[in-house]
Amino acid sequence: MSSKILIAYFSRAGKNYVGGNIVDLAVGNTEVAAKMIGKLTDGELFKIDPVRRYSPDYNTCTDEAKDELRRNARPELTAYPDNIDDYDTIILGYPNWWGTMPMPVWTFLEKFDFSGKTILPLCTHEGSGMGQSENDIKKLCPGAKVEKGLAIRGGSVKNAEKDIAAWLKKLNK
């Protein structure tokens with residue numbers, strides 16, 4: 001990929017559901033994938049980081065996420081990129097929370113005008129795939145070209161580099 005790439009991602013370390021069990025992750029699955037993409041593309045990494053931390057307890061975190069979705073909340077973020085004008089392509093990484101993106105990703109997408117940009121969604125999940133996230137991105141970013149996303153099972157993310165590379169290569173044609 002020759003255009004300037006921003007890899008914006010939301011990821012949560014700590015207690016996560018992986019392969020039917022709750023496990024403690026030192027690095028969240030989406031961050032693992034984002035760093036692989038960074039290596040493959042030389043894109044610039046930007047972590048979407050909410051001011052208010054989610055609970056380290058998995059079940060409490062899922063309740064918090066469900067409540068934010070129900071309220072259509074826009075959690076405040078700790079920082080934003082200075083601008084996105086220099087980027088042609090935004091690779092957007094996030095876990096599937098309740099069938100879509102976590103609400104901090106909505107906050108990020110609503111901050112900027114993505115008109116004329118290409119957005120490549122990448123979602124980590126444990127069986128629910130992309131959910132409705134691609135459609136939600138299209139609604140939030142009507143002027144952007146939203147490509148077909150890649151869904152990676154979180155428990156398999158450490159072995160997903162070949163799949164990510166093939167996805168990026170196919171999109172670059």
Is Tyr94 reachable from Tyr80 through a run of I, L, V, M, F, W or Y residues, each pair having side-chain heavy atoms under 4.5 Å apart? yes

Side-chain (Ser128) to main-chain (His125) donor-acceptor, under 3.5 angstrom: no

With side chains defined as the heavy atoms from C-beta onward, is the minimum distance between Arg71 and Met103 less than 4.5 Å? no

One should read off an interatomic distance between Thr41 OG1 and Ile5 CD1, to the nearest 0.5 angstrom, of 4.5 Å

Carefully, step by step, assess Ser133 and Thr100 under the rule side chain to side chain donor-acceptor pair (under 3.5 Å). CA-CA 4 Å; Ser133 64; Thr100 189; 5.4 Å; no

CG-CZ distance between Asn96 and Arg153, expressed to the nearest 0.5 angstrom: 11.5 Å

Check against side chain to side chain contact (heavy atoms under 4.5 Å, CB included), Glu147 and Glu134: CA-CA 8 Å; Glu147 295 284 2; Glu134 289 166 304; over 6 Å; no

Whether Glu31 and Lys35 form a salt bridge (side-chain N of Lys/Arg under 4.0 Å from carboxylate O of Asp/Glu) is what I want to check. yes

For the student: nearest non-hydrogen atoms of Pro121 and Met130, plus distance: CB-CE, 3.8 Å

Thr107 side chain to Pro75 main-chain N or O, any donor-acceptor pair under 3.5 Å? yes

Close aromatic pair by centroid cut-off 6.0 Å: Tyr54 and Trp97: yes

Within a reach of under 6.0 Å around NZ of Lys15, are more than 12 heavy atoms found that belong to other residues, nucleotides or ligands? no

Nearest non-hydrogen partners of Thr30 and Gly93, listed with the distance: CG2-C, 3.4 Å

Distance-minimising heavy-atom pair for Pro81 and Phe112: O-CZ, 3.6 Å

Side-chain donor or acceptor of Lys117 paired with backbone N/O of Tyr87 under 3.5 Å: yes

Got Leu109 and Met101 here, is their nearest side-chain heavy-atom distance under 4.5 Å? yes

Side chain to side chain, Phe46 and Leu6, heavy atoms closer than 4.5 Å: yes

Among side-chain atoms of Asn72 and Arg70, is any donor-acceptor pair under 3.5 angstrom? no

Any non-hydrogen side-chain atom of Leu150 less than 4.5 Å from a side-chain atom of Ile152? yes

State, without any angle test, whether Thr89 and Thr118 hold a side-chain donor-acceptor pair at a distance under 3.5 Å. no

One should read off an interatomic distance between Ile37 CD1 and Ile7 CD1, to the nearest 0.5 angstrom, of 6.0 Å

Please evaluate residues Leu92 and Phe108 with respect to the criterion side chain to side chain contact (heavy atoms under 4.5 Å, CB included), reporting the C-alpha separation (whole Å), side-chain torsions for both, the decisive distance (0.1 Å), and the verdict. CA-CA 10 Å; Leu92 185 66; Phe108 172 80; 4.3 Å; yes

Under a 4.0 Å N-O cut-off, is there an ion pair linking Arg74 with Glu68? no

Are Ile48 and Tyr9 packed together at the side-chain level, in the sense that at least one heavy-atom pair is separated by less than 4.5 angstrom? no

Point-to-point distance, once rounded to the nearest 0.5 Å, from CD of Glu64 to CG of Leu69: 14.0 Å

Quick one: are Leu40 and Glu161 in side-chain contact, heavy atoms under 4.5 Å? yes

Between Arg12 (side chain only) and Gly28 (backbone N and O only), is there a donor and an acceptor less than 3.5 Å apart? no

Please find the pair of heavy atoms, one from Pro104 and one from Leu77, that lie closest to each other, and give the distance. CB-CD2, 3.8 Å

Please check: side-chain N/O of Asn83 versus main-chain N/O of Asp85, any donor-acceptor pairing under 3.5 Å? yes

Backbone of Leu122 reached by a side-chain donor or acceptor of Trp167 within 3.5 Å: no

Shortest non-hydrogen contact between Pro95 and Cys123, atoms and distance: C-SG, 4.2 Å

Considering only heavy atoms from C-beta outward, does the side chain of Val32 approach that of Thr124 to under 4.5 Å? no

Taking atom CG of Asn16 and atom OG of Ser11, what is their separation to the nearest 0.5 Å? 7.5 Å

Ser115 side-chain N/O to Ala144 backbone N/O, donor-acceptor pair under 3.5 Å: no

Indicate whether the side chain of Asp57 and that of Ser55 have a donor and an acceptor atom separated by less than 3.5 Å. no

Val146 vs Leu120 side-chain heavy atoms within contact, under 4.5 Å: no

Under 3.5 Å donor-acceptor, Asn29 side chain and Val157 backbone: no

Under 3.5 Å donor-acceptor, Glu126 side chain and Gly154 backbone: yes

Here the pair of heavy atoms bringing Trp98 nearest to Thr62 is NE1-O, 3.0 Å

Apart from Tyr17 itself, its cluster of hydrophobic side chains linked below 4.5 Å comprises Ile22, Tyr58

For the CG atom of Leu45 and the NZ atom of Lys47, what is their distance to the nearest 0.5 Å? 11.0 Å

